[in-house]
Protein chains: 2
Amino acid sequence: MVQTRSVRKIIVIGIGAGDPDHLTLQAVKALNQVDVFFILDKGEEKSDLVQLRHDIIEQHVTRPHRLVSAQDPPRDRTAPDPAYASAVGDWRHHRGDIYEHFIGTDLADGECGAFLVWGDPALYDSTLGILEDVRDRGTVAFDYEVVPGISSVSALAAKHRTGLNRLARPVQITTGRQLAEGFPEGTDDVVVMLDAHQAFAGIEDEDVSIFWGAYLGTPDELLVAGRLADVAGRIQTLRAEARARKGWIMDTYLLRRDRD
Amino acid sequence: MVQTRSVRKIIVIGIGAGDPDHLTLQAVKALNQVDVFFILDKGEEKSDLVQLRHDIIEQHVTRPHRLVSAQDPPRDRTAPDPAYASAVGDWRHHRGDIYEHFIGTDLADGECGAFLVWGDPALYDSTLGILEDVRDRGTVAFDYEVVPGISSVSALAAKHRTGLNRLARPVQITTGRQLAEGFPEGTDDVVVMLDAHQAFAGIEDEDVSIFWGAYLGTPDELLVAGRLADVAGRIQTLRAEARARKGWIMDTYLLRRDRD
């Protein structure tokens, strides 16, 4: 006798960079296929981010659904290499346990679960990698698909009304940790994400401009653009004040080197 | 006596990579502020792209509006450097003339005009640069803003369910012309756009994988992923067939080098 089991389905939905109107029509349709939303609570200080997810669900989901939440495992973002890589590995494994539990226990056969991801799931987000880890464990079977979202990179460029690349030239997207090792070779346009240490302040090239943004698309949005040498100090001050006031900050920036 | 003139406003709206549902809620709201849509007709072979713009306007715009169209100036995309740069310059200037006419003649004081841009206006699109050129001419005064869109890069990654970067590592976005000079230094993840000559076929590294997509988000979508050495030929065949069938192709791909 063949036992038929309907497969569990997961949708990873990019919800944009902070502005609820970054949501795509595709994301709204996807939200309305979901039985269970999985929410990771990142603790007090980022509770407005969790609230924004709840607001999106409340505003756009018109069918019955459940919310299941868990505490996001703590993560040491300040550890130096190679402790950093190890800390990330531990955190990822712990998060994998949570996902496995979500999918295996909180989702019934044939149901659809969803993770709502800030920005675009393809850029510096761990959700897809962790889902692959969980699939590799072989303990729960599921299919998944991805709905792209407006990244903070796109939102930054739009607010500054600039392209990311210049004509026929490349652009690199990288991290604060990488930038701390120097301006990347082979490109004069560099977008930096996940920079907790303001690595831009270590760039001493006189010909570099910066387009900086924090809390993009939200009422707290901050934007600064100018010659790096002229505005780096102002950005550091603004950033420290905002971080103290809100308890957290999400920022990103484009560095542009003028070779002429 | 002070003469009051209401300023003309332009919105550059990213409409996503081909799937009409890539449209964001912000884009739908922006579409409904527009008095005049400026459409550039790229000729017979790309008429389905123009049609998709018309469909989006028809489906989402609920207020009275006008459509103004012009023939996109021809562009020699096959010229070798430096003739390429010069051909682009001529094309850009000619397009600037069209924009200037659109804004100066087809838009009344206080009205809002819009350009609908495929993908994200920040990535390998000339609209923002040409608008700046036209502003610099000083012949017509206008303000403009940008609505970010889902880029073909995001759409590609979502369809292949992969991140663009790997953990804590950079990703570079570049052109086929640049890739033809070799795999960029300093990064093992490279997204290639505007590649008319299948530069991937010139990469001989055994450890490179490719995630390729064409007509992303449309009914004609093609996806291939695998070790570059194994699938490069298949992609070239598929691409040539599709291009012959439809008369045009828009494709993009991610190359990923495995260093381990």
Side-chain angles (χ1 to χ4, degrees), chain A residues 12 14 16-17 19-29 84-85 88 92 120-126 128-129 131-132 144-151 153-175 177-178 184-187 190 194 217, chain B residues 12 14 16-17 19-29 84-85 88 92 120-126 128-129 131-132 144-151 153-175 177-178 184-187 190 194 217:
Chain A
V12 179
D19 183 338
D21 284 342
H22 282 170
L23 220 57
T24 64
L25 304 178
Q26 186 184 19
V28 172
K29 288 180 183 175
Y84 176 72
V88 169
R92 233 175 115 120
D120 184 356
L123 266 183
Y124 297 102
D125 183 80
S126 53
L128 301 181
L131 283 174
E132 281 295 324
Y144 71 101
E145 60 187 61
V146 181
V147 175
I150 298 295
S151 65
V153 178
S154 288
L156 176 80
K159 285 300 173 86
H160 284 292
R161 304 188 311 182
T162 183
L164 293 168
N165 66 287
R166 280 172 289 176
L167 183 65
R169 287 161 71 179
V171 57
Q172 184 159 317
I173 305 176
T174 193
T175 66
R177 264 169 204 273
Q178 297 277 347
E185 282 180 56
T187 174
V190 179
L194 308 178
Chain B
V12 179
D19 183 340
D21 283 343
H22 282 169
L23 219 58
T24 65
L25 304 179
Q26 184 184 19
V28 173
K29 287 180 183 176
Y84 176 71
V88 169
R92 233 176 116 121
D120 184 355
L123 266 182
Y124 296 101
D125 182 79
S126 54
L128 302 183
L131 282 175
E132 281 295 324
Y144 71 101
E145 60 186 60
V146 182
V147 175
I150 298 294
S151 64
V153 178
S154 288
L156 176 81
K159 284 301 173 84
H160 284 292
R161 305 188 311 182
T162 183
L164 293 168
N165 65 288
R166 279 173 289 178
L167 184 64
R169 287 162 73 178
V171 56
Q172 184 158 319
I173 306 175
T174 193
T175 65
R177 264 168 204 272
Q178 297 276 345
E185 282 182 55
T187 175
V190 179
L194 307 178

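Owing to the predicted nature of the structure, the values given are computational and were not obtained by experimental measurement. Below, all heavy atoms of this structure are taken into account, side chains as well, without hydrogens, waters or symmetry copies. We name chains A, B, ... by the order of the sequence lines, and we start the count at 1 in each one.
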Next item on the list: Work out which heavy atom in B/Pro148 is nearest to a heavy atom in A/His22; give both atom names and the distance.
Entry: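 Minimum heavy-atom contact is CG-NE2, 4.2 Å.
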Margin query: Quick check on the interface: out of B/Gly186, B/Ala168, B/Gly129, who has the most heavy-atom pairs with chain A under 4.5 Å?
Written below: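 Looking at each option in turn, the highest pair count goes to B/Ala168.
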Next item on the list: Could you tell me which of B/Thr175, B/Leu123, B/Thr162, B/Asn165 has the largest number of non-hydrogen atom pairs under 4.5 Å with chain A?
Entry: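 Heavy-atom pair counts peak at B/Asn165.
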Check: Checking A/Lys29 against chain B: side chain, backbone, both or neither under 4.5 Å from a heavy atom?
Finding: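 Only the side chain of A/Lys29 comes within 4.5 Å of chain B.
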Under 4.5 Å from any heavy atom of chain A - which part of [X]:
X	result
B/Leu128	side chain
B/Leu167	side chain
B/Gln178	side chain
B/Asp120	side chain

Next item on the list: Using modelled atom types only, decide if a donor and an acceptor are shared between the side chain of B/Tyr124 and the backbone of A/Arg166 within a distance under 3.5 Å.
Entry: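 Answer holds: no.
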Notebook entry, point to check: Taking every heavy-atom pair that is under 4.5 Å apart, which of A/Gln172, A/Gln26, A/Arg161 has the most such pairs with chain B?
Noted result: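 The answer is A/Arg161.
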Next item on the list: Decide side chain to side chain contact (heavy atoms under 4.5 Å, CB included) for B/Thr24 and A/Asp21; before the verdict, give the C-alpha distance in whole Å, the side-chain angles of both, and the deciding distance to 0.1 Å.
Entry: CA-CA 7 Å; B/Thr24 65; A/Asp21 284 342; over 6 Å; no
Notebook entry, point to check: Is the closest side-chain heavy-atom distance between A/Ile173 and B/Leu164 below 4.5 Å?
Noted result: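 Not touching, per the 4.5 Å side-chain cut-off.
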